[in-house]
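Structure record follows, encoded as structure tokens.
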Amino acid sequence: MDHNVGSEGIEVMKLGITLGVLSVILVYVIFNVSLGKEIQGVVYDKTSTAEVSAANAPLQELSGEPLILPAATVYSLLMYNGSSIGTIACFVCYPHGERIHTADENLCIVNHLKGKIKVSIRWNSYTGLYDVILGNEEVVE
């Protein structure tokens, strides 16, 4: 009878050790999941902030050399900086540049938001505003 009681005690100890190991593993998994979610949130916030700041960069930083940007980014730039833009010439819709837009008008770029567009931004010292030229690579100087 004593032998039976000892083996039952050993079985209970094995069960206790197994439950302890499982609880440690569970705590480890939960900690790593919560840490991963925190890291994901921080990375997402930083990426989102970088994307917004790139899409809404001041025109002064982008003026000078022509840039090739996604059309949606160009549209965002035009909308965000509309008060600083004098004229917009779109050589994509009007290959000969016969139509000059202002930022207050319905922009034709809405019709071609796919792909990339070459953008040239120049400071117009006469008006105190930026002139924007949109077009294909071979059209824009």
Side-chain angles (χ1 to χ4, degrees), residues 1-125 127-141:
M1 206 159 210
D2 287 336
H3 179 57
N4 226 357
V5 172
S7 66
E8 286 178 4
I10 292 175
E11 292 298 322
V12 169
M13 287 178 61
K14 286 182 185 178
L15 181 63
I17 291 172
T18 304
L19 288 175
V21 169
L22 286 176
S23 65
V24 168
I25 291 172
L26 184 63
V27 167
Y28 180 75
V29 168
I30 291 173
F31 173 76
N32 283 331
V33 167
S34 67
L35 181 64
K37 285 186 177 186
E38 287 180 32
I39 291 172
Q40 175 193 9
V42 170
V43 169
Y44 179 77
D45 288 343
K46 286 184 179 182
T47 304
S48 178
T49 303
E51 181 180 347
V52 168
S53 66
N56 298 329
L59 292 176
Q60 181 181 8
E61 293 178 15
L62 300 174
S63 63
E65 293 295 317
L67 304 166
I68 297 176
L69 298 171
T73 301
V74 173
Y75 179 73
S76 175
L77 281 168
L78 296 177
M79 291 295 98
Y80 183 77
N81 296 298
S83 61
S84 302
I85 296 173
T87 61
I88 302 167
C90 183
F91 286 90
V92 177
C93 295
Y94 303 98
H96 302 292
E98 61 266 15
R99 176 109 194 268
I100 304 294
H101 300 280
T102 63
D104 298 331
E105 297 177 39
N106 291 333
L107 299 175
C108 66
I109 192 172
V110 174
N111 300 326
H112 49 84
L113 285 178
K114 293 190 303 184
K116 295 189 176 192
I117 297 177
K118 188 166 187 178
V119 182
S120 181
I121 301 170
R122 297 196 177 117
W123 174 252
N124 186 335
S125 58
T127 61
L129 299 171
Y130 289 93
D131 294 330
V132 179
I133 301 170
L134 309 175
N136 299 327
E137 285 189 53
E138 52 283 345
V139 176
V140 179
E141 300 169 4

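Below, all heavy atoms of this structure are taken into account, side chains as well, without hydrogens, waters or symmetry copies. Here the structure is a predicted model, which means the values were calculated and not measured.
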Just do the side chain to side chain contact (heavy atoms under 4.5 Å, CB included) check on L77 and L69 with the steps written out, would you? CA-CA 10 Å; L77 281 168; L69 298 171; 3.9 Å; yes
Nearest heavy-atom contact between L129 and S83 is CD2-O, 3.6 Å
C90 SG to I133 CD1 distance, which is reported to the nearest 0.5 Å: 11.0 Å
Inter-residue atom distance K116.NZ - L67.CG, 0.5 Å rounding: 11.5 Å
Can you list everything that forms a side-chain contact (heavy atoms from CB on, under 4.5 Å) with I121? Sequence neighbours excluded, please. L59, L62, S63, V119, Y130, V132
To the closest 0.5 Å, what do you measure between CG (D131) and CH2 (W123)? 10.0 Å
What donor-acceptor contacts under 3.5 angstrom involve side-chain atoms of residues 34-43, with partners at least two apart or in another chain?
unit_1: S34; atom_1: OG; unit_2: I30; atom_2: O; d: 3.4
unit_1: S34; atom_1: OG; unit_2: F31; atom_2: O; d: 2.9

Quick one: side chains of residues 10-23, donor-acceptor pairs under 3.5 Å with protein atoms, not counting sequence neighbours, listed by atom name and distance.
unit_1: T18; atom_1: OG1; unit_2: K14; atom_2: O; d: 2.8
unit_1: S23; atom_1: OG; unit_2: L19; atom_2: O; d: 3.3
unit_1: S23; atom_1: OG; unit_2: G20; atom_2: O; d: 2.7

